[in-house]
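Beneath this line is the structure, given in structure tokens, with notes to follow.
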Amino acid sequence: MFTKVLIANRGEIAVRIIRACRELGVRTVAVYSDADTAAPHTWMADEAVQIGPAEAVHSYLNIGKIIDTARATGAQAVHPGYGFLAENAGFAAACRDAGIVFIGPPPEVIAAVGDKAQARQMAVKAGVPVVPGFDEPQASDEAIREAVQRIGLPVLLKAAAGGGGKGMRIVRSMDELDTLLGSARREAQAAFGEDALIVEKLLDRPRHIEVQILADAHGEVIYLGERECSVQRRHQKIIEEAPSPAVDTRLRGTLGRAALKVAQAAGYVNAGTVEFLVDRNRRIFFLEVNARLQVEHPVTELVTGLDLVQQQLRLATGEPLGLSGKSFILRGHALECRIYAEDPAANFAPSPGRVLHLFEPVLPGVRIDSGIRAGQDIPVYYDPILAKIIAWAPDRAMALRRMEQALVEYALLGPRTNLAYLRAIITHPAFASGDLSTEFLAEHLSGWRAPKPTAEICAIAACLSDPAFAQAGGDGRRTARGAGAAADGSGRFADPWDRLAGWRIP
């Protein structure tokens, strides 16, 4: 096992990786930008190194700086988490060239599965069905127009080089095709450095279901069941669960075998996810491969009893998998809700700002993966995910009740969040019945309105945001709960962590 790992990420996933490493006795190095100077991952790691200004391109996306930091701190390996450089083949290659282990697939595999056109072609050769579409590399606008007419509306334009909903547009009319082509290309270029697009037929109310795989360097690949990821906003997942309420033993086997075919065709190593669409006739269609740890990995961990981050670390050392399809059983049901700093009442606009108060409930069967603390400033520069609530129970109905209670008790004042929106989804009768599709939010919550905050909440928020409130405490203890004032009485917020520069959890 490695003795020291650098984590090339931030927020809740950096904290998650640090905790997994601690259990294995592995020391960790955190990196941070100017905007994350006092973020929890910086003081939870054994070491923390500042790598640049707030803008990600100069810090978390700065490959040279991260490699230099790994060398300087003696880190033997780099864990990229998700997002940022996690699926960057150039970064994986740079790590290898520097003699540093990249905890993920080899760069050649990342490049192969990261290109959606190439991945589709790979799936077809492996005998796995794909959504009808057009995946000619670097196709011109005219070629795409002809393909759309041939496939038939509606269709989905997708960036060939990436995911996460970037560069993705639904086309329902030929009149809007040119406009959507231009906007999709621009967004793809900005997000992934190239504007190549593919076209896929838009299926009617499909489910988005993904299969977790693990693969070692000795040719063994297994799948760990599936996750239901159909509840999405702007093609971004916000609630996931395992197992899917629509998947029985037979369909699970079909999905698993298809995922293994794709993984073996790609020569996959380490943890990854093979994503599918499942139509109303229970036909499966390959969608893409995510060559990294997924945001929603905790639901699989809770129903299998496996720590996927620790599995990644072991696989990266060259250990054989040591598992088989019969080494685990799916136990119970798990759901995950992503908490975002965004305002549902303002078209989900990002909502940065100071966390004035934070209460994370401790409940039976509930796990919270968090990357924030009271008093912290949430920056505008990065993905707005703050934390994840994961609820497990012996069955789905109980897991839903536990999740609802956790969402009710979770309290965050300061940045606006999607907590109320998540509660509305979880308590909707269609969600409770498992009647899900990628159109769920459009069908059931398009007219949703945020509830008005109570007078009590408004009063508490006003007190917490008033520096005089902290001064009244006299000894400054209230500052750790989110509000603070300078000792000189200036009224300027004084973050208590500023007085503990360099402190680490022992």
Side-chain angles (χ1 to χ4, degrees), residues 1-10 13-14 16-33 41-42 44-52 56-115 193 214-221 263 266-272 289-293 307-322 504:
M1 180 50 64
F2 308 112
T3 58
K4 185 183 289 188
V5 170
L6 182 143
I7 301 161
N9 219 299
R10 63 180 299 279
I13 190 59
R16 167 74 186 91
I17 297 166
I18 290 168
R19 286 177 169 152
C21 288
R22 277 179 170 263
E23 289 188 357
L24 294 176
V26 177
R27 294 176 62 81
T28 53
V29 180
V31 294
Y32 63 93
S33 71
H41 76 282
T42 69
M44 289 188 70
D46 297 290
E47 302 173 53
V49 179
Q50 194 271 356
I51 56 168
V57 69
H58 300 302
S59 52
Y60 297 108
L61 294 174
N62 189 329
I63 292 176
K65 187 67 174 178
I66 291 173
I67 295 293
D68 289 345
T69 303
R71 282 173 166 161
T73 57
Q76 300 155 300
V78 170
H79 197 306
Y82 57 76
F84 290 136
L85 297 169
E87 292 178 281
N88 187 306
F91 179 52
C95 288
R96 183 171 63 187
D97 293 344
I100 299 166
V101 176
F102 177 82
I103 299 175
E108 297 80 11
V109 173
I110 295 175
V113 302
D115 185 300
L214 292 176
D216 64 22
H218 310 283
E220 184 176 3
V221 190
Y268 203 90
V269 178
N270 212 267
V289 177
N290 285 309
R292 55 173 167 81
L293 189 70
D307 186 311
L308 295 183
V309 178
Q310 292 184 8
Q311 289 293 327
Q312 283 190 292
L313 292 165
R314 292 189 175 98
L315 292 170
T317 67
E319 272 190 38
L321 196 53
R504 297 280 174 272

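Being a predicted model, the structure only gives us computed values, none of them experimental. Nothing fancy with the numbering, it's 1 onward along the sequence.
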Practice problem: Taking all heavy atoms of V309 and all of A20, pick out the closest pair and write down the distance. | Solution: CG1-CB, 3.5 Å
Exercise. Kindly compute the distance separating CZ (F102) from CG (N88), expressed to the nearest 0.5 Å.
Key: 8.0 Å
Self-check item: Sequence-distant partners of R16, salt bridge (charged side-chain N to carboxylate O under 4.0 Å, His left out), two or more places apart
Solution: E301, D307
Self-check item: side chain to side chain contact (heavy atoms under 4.5 Å, CB included) against V101, all qualifying residues, sequence neighbours excluded
Solution: F2, A77, A316
Self-check item: With A98 via side chain to side chain contact (heavy atoms under 4.5 Å, CB included) - residues at least two apart
Solution: I67, R71, I100
Quiz item: How many angstroms lie between atom CZ of R292 and atom CD of E87, to the nearest 0.5 angstrom?
Solution: 4.5 Å
Quiz item: By salt bridge (charged side-chain N to carboxylate O under 4.0 Å, His left out), which residues pair with R19, not counting sequence neighbours?
Solution: none
Quiz item: Mind checking whether Y32 and R10 have side chains closer than 4.5 Å, heavy atoms only?
Solution: no
Quiz item: Looking at side-chain heavy atoms only, is the closest gap between T3 and V26 below 4.5 Å?
Solution: no
Quiz prompt | All ring pair (Phe, Tyr, Trp, His ring centres under 6.0 Å) counterparts of Y60, not counting sequence neighbours | solution = F84, Y382
Side-chain atoms of residues 105-115: list all donor-acceptor pairs with protein atoms under 3.5 Å, sequence neighbours left out, distances to 0.1 Å.
{"from": "E108", "atom 1": "OE1", "to": "R96", "atom 2": "NH1", "distance (Å)": "3.4"}
{"from": "E108", "atom 1": "OE2", "to": "R96", "atom 2": "NH1", "distance (Å)": "3.3"}
{"from": "E108", "atom 1": "OE2", "to": "R96", "atom 2": "NH2", "distance (Å)": "2.8"}
{"from": "D115", "atom 1": "OD1", "to": "A117", "atom 2": "N", "distance (Å)": "3.0"}
{"from": "D115", "atom 1": "OD1", "to": "Q118", "atom 2": "N", "distance (Å)": "3.0"}

Quiz prompt | Heavy-atom check, side chain of H41 versus side chain of I7, under 4.5 Å | solution = no
Quiz item: Quick one: are N62 and V57 in side-chain contact, heavy atoms under 4.5 Å?
Solution: no
Practice problem: For E220 and L321, indicate whether the former's side chain and the latter's backbone hold a donor-acceptor pair under 3.5 Å. | Solution: no
Quiz item: Which pairs pass salt bridge (Lys or Arg N to Asp or Glu O under 4.0 Å) with one or both residues in residues 20-29, sequence neighbours excluded?
Solution: R27-D46
Practice problem: Could you tell me which residues satisfy side chain to side chain contact (heavy atoms under 4.5 Å, CB included) with A8, sequence neighbours excluded, listed by chain and number? | Solution: L6, I66, V78, F91
Exercise. Check side-chain hydrogen bond (donor to acceptor under 3.5 Å, both in side chains) between Q312 and all other residues, then give those that pass, not counting sequence neighbours.
Key: H79, N270
Quiz item: Backbone N or O of L24 within a donor-acceptor pair of the Q310 side chain at under 3.5 Å?
Solution: no
Exercise. Name all residues meeting the side-chain hydrogen bond (donor to acceptor under 3.5 Å, both in side chains) criterion together with T317; count only those two or more places apart in sequence or in a different chain, and write none if there are none.
Key: none
Quiz prompt | salt bridge (charged side-chain N to carboxylate O under 4.0 Å, His left out) involving R314 - partner list, sequence neighbours excluded | solution = none
Self-check item: Partner residues of K65 under the salt bridge (charged side-chain N to carboxylate O under 4.0 Å, His left out) criterion, sequence neighbours left out
Solution: none
Quiz item: Within the distance-only criterion (no hydrogens, no angle test), does the side chain of H218 pair as donor or acceptor with the backbone N or O of G318 below 3.5 angstrom?
Solution: yes
Quiz item: Is there side-chain contact between Q76 and V5, with at least one heavy-atom pair below 4.5 Å?
Solution: no
Quiz item: What is the minimum heavy-atom distance between V221 and A263, and which atoms define it?
Solution: CG1-CB, 3.9 Å
Practice problem: Run through V29, T28, V31, D68 and flag the one making a side-chain contact (heavy atoms from CB on, under 4.5 Å) with T73. | Solution: V29
Quiz item: Within the side chain of D216, is there an N or O that forms a donor-acceptor pair under 3.5 Å with the backbone of G219?
Solution: yes
Quiz prompt | Heavy-atom side-chain proximity of L293 to L308 below 4.5 angstrom | solution = yes
Quiz item: How about S33 and Q50: does a side-chain donor come under 3.5 Å of a side-chain acceptor?
Solution: no
Quiz prompt | Shortest non-hydrogen contact between C21 and L313, atoms and distance | solution = SG-CD1, 4.0 Å
